[in-house]
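Inspection log for the structure reproduced underneath, given as structure tokens.
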Amino acid sequence: MKRITMMSLVAAMLVVVAGSAFAATEAGTRTPRIARRQVTQHARIHQGVKSGQLTKPEARNLRHDQRHIQRMKQRAKADGTVTPRERAHITMAQNHESRKIYRKKHNARTSK
């Protein structure tokens with residue numbers, strides 16, 4: 001009886017340890033702020049095309065840049081942890097692209 005209780009206790013401890021390791025890995029790769037920003041920037045590009053503020057080549061270029069940022073995010077997550085340095089690098093790229101979207105939307109070129 002004592003052996004069964006001990007085995008149950010060991011099994012329960014393994015489940016707890018494995019669960020906490022999994023949770024730590026998941027927390028280390030979560031990037032909700034970056035993801036929200038990507039969605040917002042895609043929406044800005046879409047709105048710019050719809051309103052005529054962006055030409056098709058401008059929008060194509062901006063979407064290409066957004067895919068590049070998405071790949072940066074995937075590479076950062078590949079090892080299971082997104083470090084503060086990787087987050088800062090992605091955020092800096094998003095800031096750059098945000099300014100680029102603004103400049104292209106407010107230049108003299110229009111599609112209409």
Side-chain angles (χ1 to χ4, degrees):
M1 185 69 174
K2 193 173 186 181
R3 186 171 187 220
I4 293 173
T5 306
M6 184 58 98
M7 293 295 281
S8 304
L9 183 61
V10 169
M13 287 175 50
L14 284 174
V15 169
V16 169
V17 169
S20 63
F22 178 74
T25 301
E26 280 298 307
T29 60
R30 297 199 55 204
T31 54
R33 183 177 298 156
I34 292 170
R36 278 193 309 269
R37 185 113 184 251
Q38 287 293 96
V39 169
T40 303
Q41 289 186 350
H42 276 291
R44 289 174 59 203
I45 294 167
H46 179 72
Q47 184 277 330
V49 171
K50 191 174 177 181
S51 70
Q53 290 178 305
L54 290 173
T55 63
K56 290 194 185 291
E58 287 174 332
R60 187 178 324 114
N61 178 265
L62 292 169
R63 287 186 185 115
H64 177 267
D65 295 342
Q66 293 300 309
R67 282 192 300 274
H68 175 71
I69 293 171
Q70 186 65 27
R71 284 191 303 272
M72 287 172 62
K73 186 172 92 170
Q74 289 170 343
R75 280 192 305 270
K77 287 183 171 190
D79 66 354
T81 304
V82 181
T83 65
R85 186 175 183 174
E86 290 170 330
R87 284 179 200 278
H89 186 68
I90 294 167
T91 300
M92 192 169 62
Q94 286 181 320
N95 290 343
H96 177 76
E97 291 307 315
S98 180
R99 288 188 298 274
K100 190 172 177 182
I101 293 168
Y102 177 86
R103 283 193 310 270
K104 288 191 182 253
K105 283 179 77 172
H106 293 89
N107 66 10
R109 295 185 188 115
T110 61
S111 65
K112 291 184 181 182

query = What residues form a side chain to side chain donor-acceptor pair (under 3.5 Å) with Thr40, not counting sequence neighbours?
reply = none

request  = Decide yes or no for Lys73 and Gln70: does some side-chain heavy atom of the first lie under 4.5 Å from some side-chain heavy atom of the second?
outcome  = yes

ask   = When rounded to the nearest 0.5 angstrom, what distance separates NZ in Lys104 from CZ in Arg109?
value = 7.0 Å

ask   = Between Thr81 and Thr29, which heavy-atom pair has the shortest distance, and what is it?
value = N-CG2, 3.8 Å

task = Quick one: name the residues clustered hydrophobically with Ile34, using the 4.5 Å side-chain heavy-atom rule over I, L, V, M, F, W, Y, and just say none if it's on its own.
result = Ile69, Met72, Ile90

Please tabulate, one pair per line, all N/O donor-acceptor pairs under 3.5 Å involving side-chain atoms of residues 53-62, not counting sequence neighbours.
| residue | atom | partner | partner atom | Å |
| --- | --- | --- | --- | --- |
| Gln53 | OE1 | Ser51 | OG | 3.3 |
| Thr55 | OG1 | Glu58 | N | 3.3 |
| Thr55 | OG1 | Glu58 | OE1 | 3.4 |
| Glu58 | OE1 | Thr55 | N | 2.9 |
| Glu58 | OE2 | Asn107 | ND2 | 2.8 |
| Asn61 | OD1 | Lys100 | NZ | 3.0 |

request  = Could you list the residues that satisfy side chain to side chain contact (heavy atoms under 4.5 Å, CB included) with Asn95, not counting sequence neighbours?
outcome  = Arg37, Thr91, Arg99

message = Restricting to side chain to side chain contact (heavy atoms under 4.5 Å, CB included), what partner residues turn up for Pro84, sequence neighbours left out?
response = none

Spacing of Arg30 atom CZ and Lys77 atom NZ [to the nearest 0.5 Å] = 8.5 Å

task = Kindly indicate whether the side chain of Val49, heavy atoms from C-beta on, has any atom under 4.5 Å from the side chain of Arg63.
result = yes

message = Give me each pair satisfying ring pair (Phe, Tyr, Trp, His ring centres under 6.0 Å) with a member in residues 49-97, each pair once, sequence neighbours excluded.
response = none

message = Checking Lys105 against Gln47 for the side-chain contact (heavy atoms from CB on, under 4.5 Å) test, could you report, in this order, the C-alpha distance in whole Å, the side-chain angles of both residues, the deciding distance, and whether it holds?
response = CA-CA 10 Å; Lys105 283 179 77 172; Gln47 184 277 330; 2.6 Å; yes

request  = Indicate whether any N or O donor in one side chain lies under 3.5 Å from an N or O acceptor in the other, for Gln41 and Glu97.
outcome  = no

